[in-house]
Amino acid sequence: MKIVLNGTAREVAQNTTVASLLQELGINLEQVVVEINLHIIDRADFKTTSFKEGDKVEVIGFVGGGLS
Amino acid sequence: MSTHNRLVVGGIEFKSRLIVGSGKYKDFVETQKATEASGADVITVAVRRVNILDRSKENLLDYINPKVYKILPNTAGCYTAEDAVRTARLARAAGISDMVKLEVIGDPQTLFPDTAALVEAAKILVKEGFIVLPYTNDDPVVAKRLEDIGCAAVMPLAAPIGSGLGIRNPYNIRIILETVQIPVIVDAGVGTASDAAIVMELGCDGVLMNTAIAGAKDPIRMAEAMKHAVIAGRQAYLAGRISKKLYATASSPIEGMIE
């Protein structure tokens with residue numbers, strides 16, 4: 001199944017959840033926010049939210065930055 | 001203009017009137033050391049896609065502990081109200097802050113704000129319960145509008161972002177201070193310590209800077225200089241400066257001269 005992850009197409013297994021994808025990517029769940037098709041996923045729902053074909057997924061975090 | 005001893009924004013007490021950015025440092029260690037040297041309690045951070053391919057990259061929050069510092073997410077780089085609102089919502093979902101430094105940029109060369117879009121975005125975010133700190137230009141009319149719609153502070157620029165030009169229009173900043181009741185925090189334009197002192201001497205409630213520190217030859221030393229400048233400027237403001245006179249006034253007694 002294909003999803004678009006941070007702007008890049010990616011193949012994921014059926015039943016992949018937000019939590020399992022982040023784990024696979026080695027990303028600390030506590031440090032990111034996940035958006036699927038412009039809808040923010042509650043951290044408490046990471047384990048129960050799975051992807052659908054073509055989902056546009058954004059994994060967002062904080063980086064150094066001050067003004068624009 | 002806040003008369004509190006400490007700066008309070010949207011009910012949150014800031015331990016320092018200096019707010020710092022976290023961009024442009026050579027690495028996270030320098031970010032951490034400079035932030036510490038600045039004495040700042042609040043640090044602004046940008047919201048971006050996580051690098052999926054290179055997970056060796058460390059996370060800023062491993063160096064700037066959200067339990068020690070108040071994190072002020074910003075919408076830097078957003079050019080529409082829609083993008084800024086989306087970015088602010090994502091930032092809040094991280095669960096470490098309800099504050100947002102709202103930026104809606106109108107032009108890439110000057111990085112001046114698009115104030116119409118800024119007001120539009122601020123309205124939405126205030127309604128959603130955000131503590132909104134908008135980066136705006138030094139326009140008292142826009143500042144008043146931002147206050148009226150419920151922003152927690154206004155953050156007028158003193159000069160273009162990263163320009164280091166200092167306080168280009170102190171008169172407008174003064175008018176803003178007389179126009180709004182919410183805290184006025186100068187955001188952008190500071191080049192060196194004296195600029196920060198001037199901001200505070202004008203009576204501003206705080207000052208936010210990034211490039212002036214991170215871009216200095218010795219950022220950690222400059223961070224410390226800024227800490228002192230902000231304290232000195234605030235103290236001078238509270239102490240009340242003497243009026244300017246054209247001619248000399250002796251400070252020694254005229255009586256008892258040796259003849």
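So that the names make sense, note that chain A is the first sequence line, chain B the second, and so on, each numbered from 1.
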Asker: Using the rule given for side-chain contact (heavy atoms from CB on, under 4.5 Å), can you reason through B:Asn59 versus A:Asn28, listing the C-alpha separation, both sets of side-chain angles and the distance that settles it, and then say yes or no?
Answerer: CA-CA 10 Å; B:Asn59 192 299; A:Asn28 182 346; over 6 Å; no
Asker: In terms of heavy-atom pairs under 4.5 Å with chain A, which of B:Ser22, B:Gly21, B:Ala76, B:Gly23 leads?
Answerer: B:Ser22
Asker: Between B:Ile71, B:Val20, B:Asp187, which has the largest tally of heavy atom pairs under 4.5 Å with chain A?
Answerer: B:Asp187
Asker: Which answer fits A:Ile41, side chain, backbone, both or neither, if we ask what part of it has an atom under 4.5 Å from a heavy atom of chain B?
Answerer: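 Interface part for A:Ile41: neither.
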Asker: Tell me whether the count of non-hydrogen atoms from other residues, nucleotides or ligands lying under 6.0 Å of CD in B:Glu82 goes above 12.
Answerer: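 Counting neighbours around CD of B:Glu82, 12 or fewer heavy atoms of other residues, nucleotides or ligands fall under 6.0 Å, so no.
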Asker: Give a yes or no on whether the backbone of B:Val50 and the side-chain of A:Asn6 come within a donor-acceptor separation of less than 3.5 Å.
Answerer: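 Yes.
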Asker: Heavy-atom distance under 4.5 Å to chain A: side chain of B:Ile96, backbone, both or neither?
Answerer: side chain
Asker: Counting heavy-atom pairs closer than 4.5 Å to chain B, which one of A:Glu35, A:Arg10, A:Arg43 comes out on top?
Answerer: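 Between A:Glu35, A:Arg10, A:Arg43, the count favours A:Glu35.
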Asker: Is A:Ile40 close to chain B through its backbone or its side chain, or both, or neither, when contacts mean heavy atoms under 4.5 Å?
Answerer: side chain
Asker: Evaluate whether atom CG of B:Asn65 has more than 12 neighbouring non-hydrogen atoms of other residues, nucleotides or ligands under 6.0 angstrom away.
Answerer: yes
Asker: What option among B:Thr87, B:Asp62, B:Ile43 has the most heavy-atom pairs under 4.5 Å with chain A?
Answerer: B:Asp62
Asker: Where on B:Thr31 is there a heavy atom nearer than 4.5 Å to chain A: the side chain, the backbone, both, or neither?
Answerer: neither
Asker: Go through B:Cys78, B:Gly77, B:Ala94, B:Pro66 and name the one with the most non-hydrogen pairs under 4.5 angstrom from chain A.
Answerer: B:Ala94
Asker: Checking heavy atoms, do the side chain of B:Arg86, its backbone, both or neither come under 4.5 Å from chain A?
Answerer: side chain
Asker: With distance as the sole test, does B:Arg48 use its side chain to make a donor-acceptor pair with the main-chain N or O of A:Val63 at under 3.5 Å?
Answerer: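 Absent.
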Asker: Report the distance from atom CZ of B:Arg89 to atom CD1 of A:Ile60, rounding to the nearest 0.5 Å.
Answerer: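 Answer rounded to 0.5 Å: 14.5 Å.
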Asker: Given heavy-atom pairs under 4.5 angstrom as the criterion, report whether the side chain, backbone, both or neither of B:Ala214 touches chain A.
Answerer: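 Neither part.
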Asker: Would you say A:Thr8 and B:Ile52 make side-chain contact, with heavy atoms under 4.5 Å?
Answerer: no
Asker: Hey, which of A:Val34, A:Val32, A:Val33 is the one that makes side-chain contact (heavy atoms from CB on, under 4.5 Å) with B:Leu90?
Answerer: A:Val33
Asker: List the atom of A:Phe62, the atom of B:Leu61, and the distance in Å for their closest heavy-atom pair.
Answerer: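 Between these two residues, the closest heavy atoms are CD1-CD1, 3.8 Å.
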Asker: Hey, is CD on A:Glu24 packed in by over 12 heavy atoms from elsewhere, all under 6.0 Å?
Answerer: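 Result for CD/A:Glu24: enclosed.
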Asker: Tell me, out of B:Glu103, B:Lys101, B:Met209, B:Lys24, who's got the most heavy-atom pairs with chain A below 4.5 Å.
Answerer: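 The option with the most such pairs is B:Glu103.
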